[in-house]
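Worksheet for the structure shown next.
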Amino acid sequence: MKTQTVAAIYDRRRRSQTAATEPAVKLLQEGEVVALPTETVYGLAADALKPEAVLKIFEAKERPHFDPLIVHLPDLGWFERVADVPTQEKQLVMELIGRFWPGPFTLVTAKRGVVPEIVTAGLQTVAVRISAHPVFSEVIQAFGGPLAAPSANRFGKISPTEAHHVLDELDGRIPMILDGGSTLHGVESTVVSVTGGKIRILRPGPVTREQLSDFAQVEIAPATEKISAPGQLPSHYAPTTPLKLRADLESPGRDGKNQRIGLLAWSDCKIEKSYAMVRNLSERGDLHEAALNLFRYLRELDQANLDLIIAQTVPETCLGVAINDRLRRAQSR
Ligand code: TXA
Ligand code: MG
């Protein structure tokens, strides 16, 4: 299969991309998969209500069938068509989606029968979100129904934040990539569930614990905990090169001489000269900038023929929680 990359950089003056997005919509209607930009990372989309189409996502990504997908909706009107929110949780759920949709926020809630089993890996819950990306939004509205879309990388690998990352991962496996430029946030959406009036963060992301605390008590599910979905695997987002996390770089703890070691640094840390390659997530210590650079730098370090990547943790606040979460999962064990 030949993978075609189509430029769909959003033109603010025209406020429309119809000519560029049309072929993507057509492919989706024919039950094909298409990689699309979202505000978080690129997604690999297919008709969420067509099991044969969703199967192609699992095949292209080599994703195990026990890992459920996020269902993206064209608009709020679709929410209760796919979700069956328990009455006692409804008020909080409506407040949350009212505040954070469209945006980098995914809600896990009870599903309706229309959502095929393959999408939810047989679970009785479904993960839903509405993307704010203009290109994604235009495609899904023209398509007119829910799109299942996991990140457009091969299973367990680093999520793509640019169209050429998708090509690196899935060239020859999918018919089309819509190129909408770099994504806005750089890390995947925050995934939450709501039970007993509390918010549980299943995957930290751009919508932070601090923001969610305005609505209810918040708890973070530990990465290793076996939750309702096996998708929260502790090892994920992994480069091929071994990666070790360090809280500080004062004692780099080099394991082995004559090794080419790369460094993923943070802020104005003191960096030894001996590193073969250095990338700084944000020299000025800005967590938003760090999130944007995270997957791109991990990819660059991974492609540099290093023996080891040392990554420095970032402060465990706001977006830093999501960044550290991805780094911990990228760490080789
Ligand atoms: O930002 C994002 O969320 C991107 C863009 C493309 O929307 N998508 C994304 O999808 O990151 P994916 O499949 O790479 O990650 C979805 C996560 C997985 O960890 C999956 O296990 C979890 O959401 N998930 C999906 N359905 C679930 C469910 N019913 N219960 C609990 N977790 C679920
Ligand atoms: Mg993913």
Side-chain angles (χ1 to χ4, degrees), residues 33-46 48 54 57-58 60-73 82-84 100-112 115-133 135-137 139-140 146-161 165-166 169-170 177-178 180 183-195 200-207 221 223 225-238 291 294-295 322 325-326 329-330:
V33 292
V34 176
L36 301 172
T38 83
E39 67 275 55
T40 54
V41 300
Y42 275 73
L44 184 62
V54 175
I57 297 179
F58 283 92
K61 281 184 59 102
E62 294 175 36
R63 181 172 173 123
H65 285 264
F66 61 71
D67 195 2
L69 306 178
I70 296 178
V71 173
H72 298 66
L73 307 176
V82 299
D84 186 11
F100 296 115
W101 280 356
F105 180 77
T106 298
L107 177 86
V108 173
T109 189
K111 79 174 191 92
R112 291 202 189 270
V115 184
E117 283 213 339
I118 185 171
V119 172
T120 62
L123 296 170
Q124 288 313 303
T125 54
V126 61
V128 274
R129 97 168 175 102
I130 299 181
S131 167
H133 195 288
V135 174
F136 192 95
S137 181
V139 169
I140 197 169
L147 292 174
S151 51
N153 49 280
R154 272 173 296 142
F155 180 70
K157 297 295 175 190
I158 303 166
S159 294
T161 56
H165 297 163
V166 182
E169 294 277 332
L170 301 175
I177 303 167
L178 268 194
T183 62
L184 191 68
H185 295 287
V187 289
E188 305 85 349
S189 63
T190 305
V191 181
V192 312
S193 64
V194 166
T195 24
R200 195 166 165 74
I201 299 182
L202 305 178
R203 178 178 71 184
V207 172
E225 189 187 341
K226 198 172 182 307
I227 52 154
S228 50
Q232 307 294 117
L233 298 173
S235 172
H236 224 78
Y237 315 103
L294 177 67
F295 290 143
D325 169 76
R326 304 308 188 270
R329 290 177 208 245

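For ligands, and for the atoms within them, numbers begin at 1 and follow the listed sequence.
For the pair T40 and ligand 1, the shortest N or O to N or O distance falls below 3.5 Å.
Ligand 1 is approached by R129 to a heavy-atom distance shorter than 4.0 Å. Remark: distances from the non-hydrogen atoms of H72 to ligand 1 include one below 4.0 Å. The shortest separation from a heavy atom of A149 to ligand 1 is under 4.0 Å, placing the residue in contact. Under the 4.0 angstrom criterion for non-hydrogen atoms, K111 is not in contact with ligand 1. At least one heavy atom of I70 sits closer than 4.0 Å to an atom of ligand 1.
Of all atoms in ligand 1, numbered sequentially from 1 with element shown, those under 4.0 Å from a heavy atom of E188 are 1 (O), 2 (C), 11 (O). In the vicinity of T125, heavy-atom distances shorter than 4.0 Å reach the ligand 1 atoms 28 (C), 29 (N), 30 (N). Atoms of ligand 1 lying under 4.0 Å from at least one heavy atom of S151, given by number and element, are 8 (N), 9 (C), 10 (O), 12 (P), 14 (O). Residue contact check: A127 has heavy atoms under 4.0 Å from atoms 25 (C), 26 (N), 27 (C) of ligand 1.
Summarising the contacts of atom 2 (C) of ligand 1 with S189, A152, G205, the nearest heavy atom is found in S189. In this structure, of V128, V119, V108, the residue bringing a heavy atom nearest to atom 30 (N) of ligand 1 is V108. Closest heavy-atom approach to atom 33 (C) of ligand 1 within the set G103, P68, G43: this belongs to P68.
The closest side-chain heavy-atom distance from I70 to E188 is not below 4.5 Å. Side-chain contact between F100 and L107 is absent, with no heavy atoms from C-beta onward closer than 4.5 Å. Contact check for V194 versus T109: no side-chain heavy atoms found under the 4.5 Å cut-off. Looking at heavy atoms from C-beta onward, T40 lies in side-chain contact with R129 at the 4.5 angstrom threshold.
No part of E39 comes within 4.0 Å of ligand 1, judged by heavy-atom distances. Contacts between D67 and ligand 1, counted as non-hydrogen atom pairs separated by less than 4.0 Å, involve the side chain only.
Of the options L44, L147, V166, I177, a side-chain contact (heavy atoms from CB on, under 4.5 Å) to L36 is made by L147 and by none of the others.
A distance-only check finds no donor-acceptor pair linking the side chain of S189 to the backbone of F105 [under 3.5 Å]. Put simply, the side chain of K61 gets close to the backbone of S151: a donor and an acceptor are under 3.5 Å apart. With E39 contributing its side chain and A132 its backbone, the two residues share a donor-acceptor pair below 3.5 Å. R203 places no side-chain N or O within donor-acceptor distance of the main-chain N or O of V191, the cut-off being under 3.5 Å.
The OH atom of Y42 sits 13.5 Å away from the CG atom of N153 when rounded to the nearest 0.5 Å.
With 2.8 Å as the limit, S151 counts as an N, O or S neighbour of the Mg ion (ligand 2).
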